[in-house]
Chemist: 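The structure's right below; bear with me while I get my questions together.
Because only heavy atoms are used, hydrogens play no part in the values below, and waters and symmetry mates are left out as well, while side chains stay in. Start at 1 and go down the list; that is how both ligands and their atoms are numbered.
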Amino acid sequence: MIKGTVMINGGRDLIVSLPGTEELGSRISNLLRCEHVIPYTKVFPDGESYLRLEGDFEGEEVTLLSTMYPEQNRRLVELVFASKTLVERGASKVRGVVTYLAYARQDKEFLPGEVVSARIVIDMLKYAGIGELYVVDVHKPEILNGFGGPSRNILMVETFASFLRSRGVDNPLIVAPDLGASHRAEALAKEIGGECVIIRKFRDRVTGEIRHELPEGFHIDGRTAVVIDDIISTGGTMASIVSFLKRSGARRVYALASHGVFVGNAVERLISGGADEVAVLDTLSRRVEGVTYLDISNELSKHLSNC
Ligand code: R5P
């Protein structure tokens, strides 16, 4: 579909793609056989965002697709603007589908006075009139409780499992980098039929050095390990776990994450740490060399058609 063109024919099931989700929106609308709308957007010379949503949305249920990296602030504003406008234009429901929710990692006040951005972003989405919220692998699923309405945290375990099968991985050890990441690793282990282990992390209070530990008596001995996290940003967390697993005897280590931000030399850090392959979901519009991107359109479509 051409940017700025809409083909609203009064049918139900519309997908509106905000910037960065155009390709994904097109794949999903083909799978779900629904109409795909790409609003016209631009940036004014002073940096402000402009959006135009042409067509008639009266009485329509609209799925509004958004990703919030890169340009987190602009993407968030566009989502709020678009949802609010759809509601004002009579949409019967706006279902927000956010493939990457920015600001989610600051989910509590770690130091006194810190802004809890995750909570505020959820409030903004509520204010914007989003009636149902679907987020792909939010950092802490509990943050969605603050939304108030129906919400779902989607872990793309089928997508990850089929990638691992395509690599011939058999009976892998699925590794959670810490306790907070265990729900994701457990879900993948269940899907692929592997064993799950949670790594414990210790920081030396004197040197600041980080040390990892496997549960007592647990041995890796030549197994294939799959580390799965929500996000790879600088790559520091993942690289340190990967090299720990290699030192502990893993034969191959796959570094998987839902969202690949890859700041600076993150990919190089992972490879030099010993990762045999780095794979992330295509939840962001940015692509980085040396990384395998996994298409989420099939699994996401299933979630959207079952709601
Ligand atoms: C932390 O709680 C997250 O789940 C990720 O492990 C972390 O944000 C990754 O960041 P980085 O790649 O910069 O270590």
Chemist: Between the protein and ligand 1, which nitrogen or oxygen pairs come in under 3.5 Å, and how far apart is each?
Modeler:
from, atom 1, to, atom 2, distance (Å)
ligand 1, 4 (O), D229, OD1, 3.2
ligand 1, 4 (O), D230, OD1, 2.5
ligand 1, 6 (O), D229, OD2, 2.5
ligand 1, 8 (O), R105, NH1, 2.8
ligand 1, 12 (O), S233, N, 2.8
ligand 1, 12 (O), T234, N, 3.1
ligand 1, 12 (O), G235, N, 2.8
ligand 1, 13 (O), T234, N, 2.9
ligand 1, 13 (O), T234, OG1, 2.6
ligand 1, 14 (O), T237, N, 2.9
ligand 1, 14 (O), T237, OG1, 2.5

Chemist: Under the salt bridge (Lys or Arg N to Asp or Glu O under 4.0 Å) rule, what do D137 and R184 come out as? Steps first, then yes or no, please.
Modeler: CA-CA 8 Å; D137 200 357; R184 189 177 300 106; 2.6 Å; yes

Chemist: Give a yes-or-no answer on whether the side chains of T85 and R89 include a donor-acceptor pair shorter than 3.5 Å.
Modeler: no

Chemist: Determine, stepwise, if the pair S17 / H36 fulfils side-chain contact (heavy atoms from CB on, under 4.5 Å).
Modeler: CA-CA 7 Å; S17 271; H36 186 209; 2.7 Å; yes

Chemist: Sequence neighbours left out, what passes ring pair (Phe, Tyr, Trp, His ring centres under 6.0 Å) with Y100? Give chain and number order.
Modeler: H259

Chemist: Can you see whether F202 has R211 sitting over its ring - NZ or CZ less than 6.0 Å from the centre and within 45° of the normal?
Modeler: yes

Chemist: Is R286 reaching over with its side chain to a backbone N or O of V261, donor-acceptor style, under 3.5 angstrom?
Modeler: yes

